[in-house]
Amino acid sequence: MQPVLVPQPDGSLRVDGRRVPLGELPSVVAARDAAARWTWDDTNRWYPGLLSAGVRVERAHDLRLAHRILRSSALASWPDPDDAWDSLPVTPLTAVADEPAMLFGPVDDAARPDPVAELARQDAVVAGSAAAGRLRLLLAAESAGALTAVEMYHAGLPWLADVHDAVLTETLGPRPRLGERPARLDELAQRIRDALGAPATLNPDSPQDLLRAMQRAGVGARTLRKWELEQLDHPVVEPLLEYKSLYRLLTANGWAWLEAWVRGGRFRSEYVVGGVVTGRWASSGGGALQLPKSVRRAVVADPGWTFVVADAAQLEPRVLAAMAGDEVMAAAGRGPDGRGADMYAGIVASGAVPTRELAKVGMLGAMYGGTTGSSGQVLPRLAKAFPRSLAFVDEAARAGERGEVVTTHLGRSSPLPGATWHETQAGAYQDDAGDDDVARARSYARSWGRFTRNFVVQGTAAEWALCWLASIRRRLWALGVDSALPDGAVLPPFTGRPHLVFFVHDEIVVHTPSSLAEAVAAEVQEAAAEAGRLLFGDFPVAFPLSVAIAPSYADAK
DNA sequence: ATTAAAAGCCAC
DNA sequence: AAACGTGGCTTTTAAT
C-alpha cells in the first residue's frame, strides 16, 4: 500500500524490494492499484516524469515536505538532531521538464538520505503525537498539494498571447523597438516634464531624479508612493500616477514577460508548496500569485472548454471562528438559510457594527494586528460581540510577544524569532537600558506578535485550502471520462478531463470540457464542505464559495 | 562587473 | 487613512 522509491547507486530504483530501471518506473506505477501511496523524497523529482509518460498518481507521501512540518511542529516531538533531510533542496520543475533526457533527474546521488528509514521515523513521530489524526491529515494534504502543484505546472494555464498583446497595445501603444518607450508612456513622460518645468533630460524612471525635480517644482512630495501622491494637489500628479501604472504593466507583465513565460498557449509558473512560513504556497517565475487583473483577459479556455472559477468567501474570518470555537461568529457567517452568506453582512446583522465596510476592516485589523484608524476603532465592539475569536488571536499575539511558538489547527508551527530579536529583548533589561532600548524591544515584540497573530489564521486557512484542493483534485478525476481519439488511443492525463490550472490562496480555476462545467461547479462546492468537515468536524461553520463558469478568467470575477 | 539593498506595486 | 499579515518581482542605486 505504501511503496517507497529508493534511489540506488547504479542509477536505478528499488521499489518494494525489486530493482526498477528508471525507464520502467511509469509502467510499474501504472500497474499498481490506485490506493497505493507513493512515497518519495521529493514529488517534484519524480512526478513530472510520470505525468510526461502519461501516468497519474492518486496518493503520495512527500518525505521532504512532511519532514519540514514534523521537525518543527509543537504537536510532535522529533527525536533527532538536524540531518540531511533538514536541508534537502526541492527539485526545480524547470530542471526536470525542459530536458527529456532528464525525465527523472540524476539518481546516483550518494548524498540522498534513506527514504525508508525516514518514513519509519516520520510514522513513529506521528504515532507518538497526541494529535496524530490532525498531523496525518496535514501531511496527506501537503503531499496531495505537491501532486496538484506538479499537475498544474504540467497542464499550464491557458493563455492567449495575442489577447495579451492586444491588452498591451491598447494600454501602452504598439510594441516599441528594444530600448524605446511605448508611445503612451512617452507622452506621459513629456506631460510630467511639462508639469514640473523640467528639461527633456528628466527620466521619470529614475526615482532620484524625479523626486529632486518634484522638490524643485515645489510639489511637496516626500516619497513617490501612490497613496502619498494621491494626497497632493499638483498638475504632475495625474500624469505621474498614470505613468507609474503603465510602467508597472510594461515591466511586470509586458511583452518581455509574455515571451519569457508563455509557451504553446500555456503560462507555466512553478508553485512552491509550503513556500511561505504559514504553509501558503509561494510561486517562482512569472509571478503567478500576482497576476494583475488587467491581463486576466488573456486567460482563455481552449475551444470546447471553459473555466470554473471559485473562491472562498471571507475564508480567514471563518477559519478563525472555527478554530476559536466561536459559535456566535460562525453563526454570523451562516446566514438566514444556514448554508453560508456574506460574513461581514452577517456581522452587521448581528448588531456588532453598523456597516459592512467597518465589519471588514475591523476583522482584517483583528487578524493582522491593526490598531489605527477605523479598524482600531471598531475592534472593541467586535471584541464584545465575538469574544472567543478576538481572544484567540490576541492570545496568539501575546505568545509571539513572549517569543513563543504558535501552531495552526492541524499542527504547523511558527518559527522562533531570531538572535537579533532575543538580543533586542535582552537589551531592554540591561541596567543601562535607555528609553529607546525599551521602546525598540517593545516594537520588536509587538511586530513578532502581529506575525504569530496572523500565522494561526493564515496558516489554518492554508490548511483548509489544501484540503479543498485535494478534494477537488480527487473529485475531478472521478468525474472525468477518458477521452479516446478516433483511433482508439486514450488521451494522457488532463488532456481530456477537467483539471486544476490555477490556485491563489483561496481561489481555484478548473479548465474543463464545457459539457462538464456544471458538474465541476457542483464538485467544487462539495469539496469546500468536505474541507470544512475534515478540519473542524461537526462545528457549524460554513465555507460558501462564489463560483462562476466562463471561458475567460477576466469574465469570471 | 557583480551583488545586495531599497523602493515600490501586484496578489491574497 | 496610510500602518497592519504573507509573499514575488522589477528597477534603480549603492556597495563590493
Side-chain angles (χ1 to χ4, degrees), chain A residues 181 203-212 221-232 240-254 256-257 260-261 269-296 311-317 319-320 357-358 360-379 393 396-397 400 406 408 412 414-415 443 446-462 464-465 502-509 553 557:
Chain A
R181 220 181 242 128
N203 176 12
D205 300 346
S206 165
Q208 245 172 25
D209 292 357
L210 182 59
L211 203 52
R212 212 172 296 140
R222 287 169 38 254
T223 73
L224 294 173
R225 292 188 187 96
K226 189 165 72 173
W227 66 264
E228 198 164 325
L229 294 175
E230 283 165 350
Q231 321 278 315
L232 301 171
L240 181 51
L241 287 173
E242 175 82 357
Y243 184 92
K244 283 163 68 77
S245 164
L246 299 194
Y247 182 73
R248 163 83 192 183
L249 174 64
L250 173 69
T251 55
N253 296 96
W257 180 93
W261 300 110
S269 174
E270 189 164 339
Y271 292 101
V272 186
V273 175
V276 178
V277 274
T278 58
R280 272 187 177 182
W281 292 10
S283 75
S284 166
L289 270 41
Q290 318 128 250
L291 275 187
K293 300 215 159 58
S294 56
V295 300
R296 293 185 182 183
D311 72 273
Q314 305 96 37
L315 175 59
E316 292 193 345
V319 160
L320 170 58
E357 190 55 28
L358 277 178
K360 182 177 177 177
V361 299
M363 282 312 299
L364 291 175
M367 294 182 296
Y368 290 165
T371 53
T372 62
S374 48
S375 166
Q377 279 172 19
V378 294
L379 276 178
V393 281
V406 295
T408 61
R412 196 186 306 259
S414 66
S443 163
R446 282 246 164 87
S447 172
W448 198 260
R450 286 192 298 275
F451 164 60
T452 52
R453 167 192 292 270
N454 187 248
F455 183 96
V456 292
V457 179
Q458 187 183 115
T460 304
W464 181 92
F502 196 57
F503 169 61
V504 207
H505 309 316
D506 60 3
E507 175 178 354
I508 56 98
V509 179
Y553 187 18
K557 296 297 287 183

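Just so we're on the same page: letters track the sequence lines, and every chain starts at 1.
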Mind checking A/Tyr247 for me? I need base, sugar-phosphate or nothing, with any heavy atom below 4.0 Å counting as a touch. sugar-phosphate
Looking at side-chain heavy atoms only, is the closest gap between A/Val295 and A/Trp257 below 4.5 Å? no
Counting the atoms with a prime plus P, OP1 and OP2 as sugar-phosphate, which does A/Arg450 contact under 4.0 Å by heavy atoms, base, sugar-phosphate, or nothing? sugar-phosphate
Members of residues 276-283 of chain A that approach DNA chain C, where some heavy atom sits under 4.0 Å away: A/Val276, A/Val277, A/Arg280, A/Ala282, A/Ser283
Within the 4.0 Å heavy-atom criterion, would you say A/Leu364 contacts the bases, only the backbone, or no part of the nucleic acid? nothing
Show every side chain to side chain donor-acceptor pair (under 3.5 Å) that has at least one partner inside residues 269-292 of chain A, sequence neighbours left out. A/Thr278-A/Gln458
Results of side-chain contact (heavy atoms from CB on, under 4.5 Å) for A/Thr223 - residues two or more places apart only: A/Arg225, A/Glu228
Base, sugar-phosphate, or nothing: which does A/Glu228 touch, judged by heavy atoms less than 4.0 Å apart? nothing
What does A/Asp205 touch in the nucleic acid at a heavy-atom separation under 4.0 angstrom: a base, only the sugar-phosphate, or nothing? sugar-phosphate
Min and max contacting nt of DNA chain B in 5' to 3' order, chain A heavy atoms within under 4.0 angstrom, are B/dG8 to B/dC12
Mark yes or no for whether A/Arg450, through its side chain, and A/Gly400, through its backbone, hold a donor-acceptor pair below 3.5 Å. no
Taking A/Gly449's backbone N and O only, do any of them form a donor-acceptor pair with A/Thr452's side chain (distance below 3.5 Å, no angle check)? yes
The reported gap from CG in A/Leu289 to CD in A/Glu507 (rounded to nearest 0.5 angstrom) is 10.5 Å
Taking the side chain as everything from C-beta on, heavy atoms only, tell me whether A/Phe451 gets closer than 4.5 Å to A/Pro415. yes
Side-chain heavy-atom pair A/Ser414, A/Val277 within 4.5 angstrom cut-off: no
Which of residues 284-293 of chain A sit near DNA chain B, with a heavy atom under 4.0 Å from it? A/Leu289, A/Gln290, A/Leu291, A/Pro292, A/Lys293
Return the residues of residues 370-378 of chain A meeting this criterion: a heavy atom under 4.0 Å from some atom of DNA chain C. Order them by number, or give none. A/Gly370, A/Thr371, A/Thr372
Which residues share a side-chain contact (heavy atoms from CB on, under 4.5 Å) with A/Leu211, sequence neighbours left out: A/Gln215, A/Leu224
Given that A/Gln231 and A/Met367 both sit by DNA chain C, which one's nearest nucleotide is further toward the 5' end? A/Gln231
Could you check A/Gln458 against A/Trp227 and say which one's nearest nucleotide on DNA chain C is further toward the 5' end? A/Trp227
Sequence neighbours left out, what passes side-chain contact (heavy atoms from CB on, under 4.5 Å) with A/Arg412? Give chain and number order. A/Ile69, A/Leu138, A/Glu142, A/Thr408, A/Glu463, A/Leu466
From OG (A/Ser374) to CG (A/Leu379), nearest 0.5 Å: 10.0 Å
Are A/Leu240 and A/Leu210 close enough that some pair of their side-chain heavy atoms sits under 4.5 Å apart? yes
Applying side chain to side chain donor-acceptor pair (under 3.5 Å), name anything that partners A/Arg296, two or more places apart in sequence or on another chain. A/Tyr553
Base, sugar-phosphate alone, or nothing: which one does A/Arg446 contact when heavy atoms must sit under 4.0 Å apart? nothing
Partner residues of A/Ala252 under the side-chain contact (heavy atoms from CB on, under 4.5 Å) criterion, sequence neighbours left out: A/Arg248
At the 4.0 Å heavy-atom cut-off to chain A, mark where contacts on DNA chain C begin and end, going 5' to 3'. C/dA2 to C/dA14
Do the side chain of A/Asn454 and the main chain of A/Met367 share a donor and acceptor less than 3.5 angstrom apart? yes
Roughly how many Å apart are C/dC4 and B/dC12, using the P atom of each and rounding to a whole number? 23 Å
Just to verify, what does A/Tyr243 make a side chain to side chain donor-acceptor pair (under 3.5 Å) with, not counting sequence neighbours? A/Arg181, A/Asp205
